[in-house]
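Just the heavy atoms: all of them, side chains too, but no hydrogens, waters or symmetry mates, feed the values below. Residues take their numbers from the sequence shown, with the count starting at 1.
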Amino acid sequence: MKIGVLGTGNMADALATHWVRAGHEVLIGGRDERKAQRLATRIGGGAGHGSLRAAADFGEVVLVALPYGAGADVVGELQATLSGKVLLDCANPVGPGFRLLTDGGPSAAARLAAAAPGARVIKAFNLCHEDVWRMTPPVFDGQPLMVPVCGDDEAAVASVYDLVRDVGCAPVAGGGLERAGLLEATAALFIGLWVEEQADARAIAPPFAYATGPKTESV
């Protein structure tokens, strides 16, 4: 599929690299087109480059790989171009003290949906550091990393499921877009545990087999 990327940072680099290797057509867009060109050259595989508008126009799926706050502004400027397209949000609205910057208001994903009401917004790829997404593939103890995907449009969700698999991960239904805020809050919690507490976030939940407690044999 054709994928436009809004942004030239680490998440754009990590995800677009996988997608080019999987055979997708990718165009990197940035306010600084020289940075977009450098990233496209580094990714290789025929990746194109241009302005933010060029990337929005190019993609069937458009990845918003921009800092929280800037994303909604850019998407608002491009709303007509993005109408009908899959808009993939990977932002984490996390600030100093691992505070959730949405502060009880709409999620980052919901703000993108409000800025471009004709787009089909999907939330995914926000729970890990960019270098995890660079792994080929992200597999731990023999199990591929699972990626929750939140969205309201079934066809858009299915498209993102394919892109998750192309990164080497396993997609899992995260619910509708109204649940995107839960993913963003989870990221804030996990980042705080990893960075501030030096704790393994996976250890706060039991293995799936014990999700409802230990199994007991019926007598």
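Val149 and Leu145 fall within the same hydrophobic cluster, defined by Ile, Leu, Val, Met, Phe, Trp and Tyr side-chain heavy atoms under 4.5 Å apart, directly or through other members. When hydrophobic clusters are built by joining Ile, Leu, Val, Met, Phe, Trp and Tyr residues whose side-chain heavy atoms come closer than 4.5 Å, directly or via intermediates, Leu78 is grouped together with Val62. The same ILVMFWY cluster, assembled from side-chain heavy atoms under 4.5 Å apart, contains both Met11 and Val132. Taken together through direct or relayed side-chain contacts under 4.5 Å among Ile, Leu, Val, Met, Phe, Trp and Tyr, Leu6 and Ile122 form parts of separate hydrophobic clusters. Hydrophobic clustering (ILVMFWY, side-chain heavy atoms < 4.5 Å, transitive): Val5 and Val164 are in one cluster.
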**Report entry** Evaluation steps, side-chain contact (heavy atoms from CB on, under 4.5 Å), between His24 and Val61
**Finding:** CA-CA 11 Å; His24 298 291; Val61 174; over 6 Å; no

Report task. Show your working on side-chain contact (heavy atoms from CB on, under 4.5 Å) between Lys35 and Leu39 and close with a plain yes or no. Result -> CA-CA 6 Å; Lys35 288 184 178 179; Leu39 178 54; over 6 Å; no

Requested in this report: List the steps and the verdict of side-chain contact (heavy atoms from CB on, under 4.5 Å) for His49 and Thr41.
Outcome: CA-CA 9 Å; His49 62 88; Thr41 299; 5.9 Å; no

**Report entry** Full working for side-chain contact (heavy atoms from CB on, under 4.5 Å) between Glu130 and Asp13
**Finding:** CA-CA 9 Å; Glu130 60 264 15; Asp13 186 354; over 6 Å; no

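Within the model, atoms OG1 of Thr186 and CG of Leu127 stand 6.5 Å from one another, a figure rounded to the nearest 0.5 Å. Separation of atoms CD1 (Ile28) and CD (Gln37) is listed at 12.0 Å; rounding is to 0.5 Å. Atoms CZ and NZ, on Arg120 and Lys85 in that order, are 11.0 Å from each other to the nearest 0.5 Å. If you take CD on Glu184 and CG on Asn92, they are separated by 7.0 Å, rounding to the nearest 0.5 Å. Here Phe58 contributes atom CZ and Ile3 contributes atom CD1; the two are 8.5 Å apart, rounded to the nearest 0.5 Å. Taking CG of Leu82 as the start and CD of Glu77 as the end, the distance is 11.0 Å to the nearest 0.5 Å.
Looking at Asp32 and Thr8, their side chains never come closer than 4.5 Å, going by heavy atoms from C-beta outward. Taking 4.5 Å as the limit, some side-chain heavy atom of Arg53 sits within range of a side-chain heavy atom of Thr81. Between Leu100 and Pro93 the shortest side-chain heavy-atom distance falls below 4.5 Å. Inter-residue side-chain proximity for Pro171 and Val160 is flagged as unmet; no heavy-atom pair is nearer than 4.5 Å. Taking the side chain as every heavy atom from C-beta outward, Val167 and Trp19 approach each other to under 4.5 Å. Residues Val26 and Ile43 have side chains not in contact (no heavy-atom distance under 4.5 Å, counting atoms from C-beta outward). The shortest distance between side-chain heavy atoms of Trp133 and Asn10 does not fall below 4.5 Å. Taking 4.5 Å as the limit, some side-chain heavy atom of Glu178 sits within range of a side-chain heavy atom of Asp152.
A donor-acceptor contact shorter than 3.5 Å links the side chain of His18 to the backbone of Met135. For the pair Ser83 (side chain) and Gln79 (backbone), a donor-acceptor distance under 3.5 Å is absent. Using a distance-only test at 3.5 Å, with no hydrogens or angles considered, a donor-acceptor pair links the side chain of Gln198 to the main chain of Val195.
Closest heavy-atom contact between Cys169 and Val147: CB-CG2, 3.6 Å. Across all non-hydrogen atoms, the minimal contact from Glu196 to Phe98 is CB-CE1, 3.5 Å. Looking at every heavy atom in both residues, Cys150 comes nearest to Gly174 through SG-O, 3.4 Å. Smallest separation of non-hydrogen atoms from Cys90 and Ala65: SG-CA, 4.2 Å. Closest approach of Ala110 to Ser107, counting heavy atoms only: N-OG, 2.9 Å. Nearest heavy atoms, Leu183 versus Asn126: O-ND2, 3.2 Å.
Summarising the local packing, CZ of Phe140 is surrounded by more than 12 heavy atoms from other residues, nucleotides or ligands at distances under 6.0 Å. Crowding of Arg134 atom CZ: a count of heavy atoms from other residues, nucleotides or ligands under 6.0 Å exceeding 12.
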